[in-house]
Amino acid sequence: GVSYFPLEETLKRLCPDTEVLCEEGVYTAKGESFTMTVEKGKTYLEINGRYLYVPRGFKVREEDGMIMVPARILGQAMGLQVDWKKKVVIFTTVGKPLQEADKPYTDDDLDLIARVITHESGNQPLEGKMAVGNVIVNRVNSSSFPNTISEVIFQKNQFPGATNATPNFESVIAAKLILEGAN
């Protein structure tokens, strides 16, 4: 199962200086070391320029409309370990909120994958775009293919002409999500 927590209340308990604003279904939380954005209807959150996939999306609390975030995703974003003791979720600080400077990929890899995604699935929903990006990442991780994103993309007859595409916004998001580990 997935445990969901109210974004504003949880962040204010974890980081009392946090300010959460909501405008047209977009929640922006600002703390000393982070800015997090969560949007109703989306399947990802953004924190300090990093994007995390939320496969089941966010929930909305009926009584007040507060957006609810999965505990593990919130923990990953905020540098927290998430454990369960019986039915109680325990958040333990083990790091710091994700930072753009610590992203696990290069801007060149992001650009290449976003171009291929746009070329191959630019008119598809986010999950379709992510599927194309995952083909590339899965090949990089396979011993049957080259071991870098660039080598996989430029391998003969694999993605001809794909790097000529201009990435659209959602293709860039899909690329960031899969480069962060979404599958």
Side-chain angles (χ1 to χ4, degrees), residues 1-105 110 114 117-118 121-134 167-183:
V2 178
S3 296
Y4 287 83
F5 282 78
L7 179 69
E8 183 171 7
E9 294 166 11
T10 306
L11 287 176
K12 284 187 174 188
R13 286 190 180 238
L14 295 170
C15 308
D17 68 328
T18 301
E19 178 183 2
V20 180
L21 305 170
C22 179
E23 187 173 309
E24 297 181 24
V26 178
Y27 289 80
T28 303
K30 294 183 180 186
E32 184 177 315
S33 61
F34 71 93
T35 299
M36 180 187 298
T37 304
V38 176
E39 186 173 346
K40 289 181 183 178
K42 299 289 184 184
T43 55
Y44 59 86
L45 69 75
E46 183 270 329
I47 180 164
N48 295 333
R50 304 272 298 269
Y51 287 76
L52 299 177
Y53 185 52
V54 183
R56 296 181 185 174
F58 304 101
K59 296 200 180 294
V60 177
R61 191 165 57 190
E62 288 183 26
E63 61 264 21
D64 61 3
M66 173 54 62
I67 200 153
M68 307 285 284
V69 180
R72 290 191 197 281
I73 299 296
L74 191 57
Q76 183 181 357
M78 296 299 295
L80 305 168
Q81 181 176 322
V82 181
D83 293 305
W84 280 258
K85 189 171 187 175
K86 296 188 181 185
K87 292 185 177 186
V88 176
V89 175
I90 300 168
F91 291 106
T92 306
T93 302
V94 292
K96 61 182 179 166
L98 293 178
Q99 301 293 320
E100 188 168 23
D102 300 327
K103 68 185 181 223
Y105 55 87
L110 172 65
I117 289 171
T118 298
S121 64
N123 64 345
Q124 298 299 307
L126 181 65
E127 285 72 18
K129 289 176 174 68
M130 290 173 62
V132 170
N134 272 298
N168 60 36
F169 177 77
E170 195 169 63
S171 294
V172 173
I173 298 299
K176 287 181 177 187
L177 291 170
I178 64 105
L179 288 168
E180 289 283 356
N183 189 341

What's the shortest heavy-atom distance between [X] and [Y], and which atoms?
X      : Y      : answer
Ala29  : Val20  : CB-CG2, 3.9 Å
Ser121 : Gly128 : OG-O, 3.8 Å
Ala77  : Ile47  : O-CD1, 3.4 Å
Leu80  : Val94  : C-CG2, 4.0 Å
Leu7   : Met36  : CD1-SD, 3.7 Å
Trp84  : Ser3   : NE1-OG, 3.3 Å

Pairwise side-chain contact, [X] with [Y], heavy-atom cut-off 4.5 Å (strictly under):
X      : Y     : answer
Leu21  : Glu19 : yes
Leu74  : Leu11 : yes
Leu45  : Ile73 : yes
Tyr27  : Lys40 : yes
Phe5   : Arg13 : no
Leu177 : Thr43 : no
Asp102 : Lys96 : yes

Next on the checklist: One pair to check against side-chain contact (heavy atoms from CB on, under 4.5 Å): Leu110 and Leu179. What are the steps and the verdict?
Outcome noted: CA-CA 8 Å; Leu110 172 65; Leu179 288 168; 4.1 Å; yes
Give a yes or no on whether [X] atom [atom1] has more than 12 heavy-atom contacts from other residues, nucleotides or ligands under 6.0 Å away.
X     : atom1 : answer
Lys12 : NZ    : yes
Glu24 : CD    : no
Arg61 : CZ    : yes

With rounding to the nearest 0.5 Å, note down the distance linking [atom1] in [X] to [atom2] in [Y].
X      : Y      : atom1 : atom2 : answer
Lys129 : Ile173 : NZ    : CD1   : 11.0 Å
Ser171 : Lys176 : OG    : NZ    : 12.5 Å
Thr37  : Lys30  : OG1   : NZ    : 8.5 Å
Ile117 : Glu170 : CD1   : CD    : 10.0 Å
Glu127 : Met130 : CD    : CE    : 6.5 Å
Asn134 : Ile178 : CG    : CD1   : 5.5 Å

Next on the checklist: For Cys15 and Met78: C-alpha separation, side-chain torsions, deciding distance, then whether side-chain contact (heavy atoms from CB on, under 4.5 Å) applies.
Outcome noted: CA-CA 10 Å; Cys15 308; Met78 296 299 295; 3.8 Å; yes
Checklist entry - Going through the distances and angles, do Asp83 and Val89 end up as a side-chain contact (heavy atoms from CB on, under 4.5 Å)? => result CA-CA 6 Å; Asp83 293 305; Val89 175; over 6 Å; no
Next on the checklist: Please list all pairs meeting ring-ring contact (aromatic ring centres under 6.0 Å, His included) that have one or both residues in residues 47-75, counting only residues at least two apart or in different chains.
Outcome noted: Tyr44-Tyr51
Item to check | Donor-acceptor pair, side chain of Glu8 and main chain of Thr18, under 3.5 angstrom | outcome: no
Next on the checklist: Between Asn48 (side chain only) and Ser33 (backbone N and O only), is there a donor and an acceptor less than 3.5 Å apart?
Outcome noted: yes
Next on the checklist: Could you go through Leu98 and Leu52, starting from their C-alpha distance and side-chain angles, then the distance that decides it, and tell me whether this counts as side-chain contact (heavy atoms from CB on, under 4.5 Å)?
Outcome noted: CA-CA 10 Å; Leu98 293 178; Leu52 299 177; 3.8 Å; yes
